[in-house]
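Notes for the one structure printed next.
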Amino acid sequence: MPRLAYVNGRYLPHAEARVPVEDRGYQFADGVYEVVAIVDGRFADFEGHMARLGRSLGALRIDWPMSRPALELVIRELIRRNGVKTGLLYLQISRGVAPREFKFPDPRVRPSLVLTTRTLGRFATPAQLEAGVGVITIPDIRWLRRDIKSVALLPQVLGKQQAVEAGCFEAWMVDGEGRVTEGCSSNAWIVTAAGTLVTRHADNLILNGVTRLSLLRLAERFGVATEVRPFTVAEAAAAREAFVSSATTFALPVTRIDGRPVGDGRPGALTLRLRAAYLDAVAGERS
Ligand code: PLP
């Protein structure tokens, strides 16, 4: 069965799927996206991702390309045709195809919708779960509307590459006051020496992760002392645990920050508990 992509009303072989050269997503990064994990045939946090998609579209004044029920139908059909049981859905909506001019195009130009899926054997390797991953810290050089899940990801592309070249999984971006904003494609968390879970509050300076919100709810249910505030790189260096969260990592232990071990250098107990609880919650979601 060839892998298919959905592009503006057509299911096409993935390798042949194309957008026109004047798609505004291609020329201006004038578009938004979502990534949703599919675990054993169930979406992780589907409603949360759709809600954030609506907020991103609204912030950029891009119309939904079709009704919510129709979109959900197309998504499910692509996943069915591609036979995805475990993997991910990528969804991108751009302002559409129009002659290249900065201002918005004629209102009759319809947004472009692209959907792809990917089958994955697993979301993390055994080594990542047993040993944790490393992060580096880098300056946050992004714009001031990081709450919009826009496809303009160049700072994150550069940051991730720097992380990989340093043998790390992720780069944590740091503001002018030495406070971690978030990872290039994940939210950043620590557990302090006193056992308090800390992650930055959501405003225009970070992407409010859908996974982040679910993990905060789980922590509350467990009665874990939680502070939603910025933390500094120095505070992270003194933390007992650290982790990243995203649609594809869930809660993934961070055991090295800038080459130095976090806590005892092993994945933290609270991190692993939150990861397990998140996956349990996904197993209970509708398929
Ligand atoms: N922060 C950034 C910059 C991201 O790109 C992502 C995900 O791609 C996240 C946080 C995590 O968000 P979510 O949990 O919704 O995947």
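One-based numbering, in listed order, for ligands and for the atoms of each. Throughout, numbering of the chain's residues begins at 1 and tracks the sequence.
Of the charged side-chain nitrogens involved, none lies within less than 4.0 Å of a carboxylate oxygen, so that Arg266 and Asp264 do not count as a salt-bridged pair. Under a 4.0 Å N-O distance rule, the pair Glu241/Arg273 does not qualify as a salt bridge.
Partners of Ala219 by side chain to side chain contact (heavy atoms under 4.5 Å, CB included), not counting sequence neighbours, listed by chain and number: Leu197, Val224, Thr226, Leu274.
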Report the C-alpha distance between Glu182 and Arg142 in whole Å, list the side-chain angles of each, state the deciding distance to 0.1 Å, and finish with yes or no for salt bridge (Lys or Arg N to Asp or Glu O under 4.0 Å).
CA-CA 11 Å; Glu182 60 185 330; Arg142 297 174 298 161; 2.8 Å; yes

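The two residues Ser246 and Ser185 have their closest heavy-atom pair at CB-O, 3.4 Å.
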Pairs under 3.5 angstrom, nitrogen or oxygen on both sides, ligand 1 versus protein: list them out, please.
residue, atom, partner, partner atom, Å
ligand 1, 1 (N), Glu182, OE1, 2.6
ligand 1, 8 (O), Lys149, NZ, 2.9
ligand 1, 14 (O), Val210, N, 3.4
ligand 1, 14 (O), Thr211, N, 3.1
ligand 1, 14 (O), Thr211, OG1, 2.6
ligand 1, 15 (O), Arg52, NH1, 2.8
ligand 1, 15 (O), Arg52, NH2, 2.9
ligand 1, 15 (O), Val210, N, 2.8
ligand 1, 16 (O), Ala247, N, 2.8

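For the residue pair Asn82 / Tyr6, no side-chain donor-acceptor distance below 3.5 Å is found, with atom types taken as modelled.
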